[in-house]
Amino acid sequence: VTLHESAVASLALYGGTPVRTSRRPWPRWPDPSPDAERNILQVLHGDRWTLTSPLSGTELFERRFARMFAAYTGVRHCVPVDHGASAVVVALEALGLDYGDRVLVPALTWVASASAALRAGLVPVLTDVDPATGSMSVDDLDPDVGARAAVVVHWSCAMADVPALVAAGAEHGITIVEDCAQAHGAEWHGRRAGSMGRLGCFSMQHGKVLTSGEGGAVVTDDDDLVPVIEELRSDARRYRDDQGMPGESELVESGGTMGSNFCLSEFHAAVLCGQLPYLDGQHDVRRRNYEILDELLADVPGVRLLRPSDAQTRMSIFELPVLFDELPAGMTPPLVAEALTAELGVRFYQTDLPLHRSRLFQPSTKPAFAPLAREFAAYHEGRRFERADWFFDHSVVTHHSTLLGGEEDMVDIATALAKLSHLID
Ligand SMILES: Cc1ncc(COP(=O)(O)O)c(C=O)c1O
């Protein structure tokens, strides 16, 4: 391995002048809207701080958000929940599978996509991912696993081919649940993420493109699943059918399916109602900046952005992966990330470790999961997930807020990458 000494010496990481010398700040995140501020004060001074507060004639933000987000996603129903992880638990529980059934989950995802399966009494079976998009593909839907469902994650800024997965899954009794925690508003041939599988799950945690700090939602077009989803997220209670009287509950004790308390508080719902109308404008800014950066990188050898499939007609960028087919000489991805952060003054980092290597995904550490964890361990012994590993070992990512500024920012990023590319042989 030969280092290009002059390029190494000029890296800000090693004391050289950084690319970004201007004091221009990077966009801040989160970016609160005036509507969110107004809504949250309304909740604070009102008499309904959550869904289970007594009726008082005031419409809940929770129900307003459910309507708004269902319309945004292009589905008939949305049930808000407190976290993205709860959304996946509720979605899997709603399928009514048997204890110990297998669920396919891509190795390249946040730990919650798989831990939700365990929490729902199911065994996650990891799959590899598509080499172009980092998301699960039809090739990963191995019928021999005997899985009854698949949690399909749309990874970073790309989407999985859900219509193809639904078609292939139908042949083998595999129900598709979309994990859209990283894909609010993304479109596949004009259909939004979350609207193509049996159920779609969203996270509104702090880093997501739509956020209330913590939050989530389950969406579906399946009318029959809705009462079950409602019960699963609010201890076997459903929304009442009538107006109810002041002092009564918004929920009735229907008791069909035992649930948990995964309710979204009114403070969170108020913020989401205020933020959602701004999401598409932010998507447009990020997509324009993605295109500018992509064009600038055409002249930078050895560095490319993750490119979604042509069938993806709208990108929702949660994190932007920068891919290196060959890493700069002598550098590891964490060092590349550190070098870019030093050049730019904005954070670049490695994506989450694939789950078969993740310190965070250790089912055997939780006694309640014991039988499921044993099967998980036995199944995965010695299995490899090379394409998921490739993404981890050949890319760095930056948060979507890095793309919320202007063209000058993209020029800075491309310049920093060009500096690093001198180290690629
Ligand atoms: C793909 C994916 N699924 C699920 C989750 C879980 O969401 P939450 O953190 O809101 O529970 C996340 C959050 O990062 C995620 O990225």
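Whatever order the structure lists ligands and atoms in, that order sets their numbers, starting from 1.
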Identity and distance of the protein heavy atom lying nearest atom 5 (C) of ligand 1: Trp110 CD1, 3.7 Å
Test applied, side-chain contact (heavy atoms from CB on, under 4.5 Å); reference residue, Met136; option that passes from Leu141, Val153, Asp130: Leu141
Residue part near ligand 1, for Met204, under 4.0 Å between non-hydrogen atoms: neither
Glu408 CD: over 12 foreign heavy atoms closer than 6.0 Å: yes
Best match, His154, Glu319, His206, Gln205: closest heavy atom to atom 9 (O) of ligand 1: Gln205
Glu178 side chain to His154 side chain, donor-acceptor N/O pair below 3.5 angstrom: yes
Side chain to side chain contact (heavy atoms under 4.5 Å, CB included) between Asp412 and Arg24, worked out: CA-CA 11 Å; Asp412 284 352; Arg24 199 173 61 249; 3.5 Å; yes
Min N/O separation Ser86 to ligand 1 under 3.5 Å: no
Residue and atom name of the nearest protein heavy atom (relative to atom 8 (P) of ligand 1), distance in Å to one decimal: Gly84 N, 3.4 Å
Residue and atom name of the nearest protein heavy atom (relative to atom 15 (C) of ligand 1), distance in Å to one decimal: Ala181 CB, 3.3 Å
Check: Ala85 N/O within less than 3.5 Å of ligand 1 N/O: yes
Parallel, tilted or perpendicular, as decided by the 30° and 60° cut-offs, for the rings of His356 and Phe385: tilted
Arg198 backbone acceptor or donor facing Thr220 side chain under 3.5 Å: yes
Main-chain N/O of Ala186 paired with Ser316 side-chain donor or acceptor, under 3.5 Å: no
Lys208 and ligand 1 - part of the residue with a heavy-atom distance under 4.0 Å: side chain
Any side-chain donor near an acceptor of the partner, Gln275 and Ser212, under 3.5 Å: no
Heavy atom of Ser113, distance to ligand 1 below 4.0 Å: yes
Ligand 1 contacted by Asp179 (non-hydrogen, < 4.0 Å): yes
Proximal atoms of ligand 1 relative to Ser203 (non-hydrogen, under 4.0 Å): 7 (O), 8 (P), 10 (O)
Cation-aromatic face contact Arg233/Tyr239, 6.0 Å, 45 degrees: yes
Min N/O separation Gln182 to ligand 1 under 3.5 Å: yes
Subset of ligand 1 atoms that lie under 4.0 Å from at least one heavy atom of Val153: 1 (C)
His400 and Phe318 aromatic ring geometry - parallel, tilted or perpendicular at 30°/60° bounds: tilted
Contact check: His83 vs ligand 1, nitrogen or oxygen atoms, below 3.5 angstrom: no
Options Val111, Thr211, Thr109, ranked by nearest heavy atom to atom 1 (C) of ligand 1, top entry: Thr109
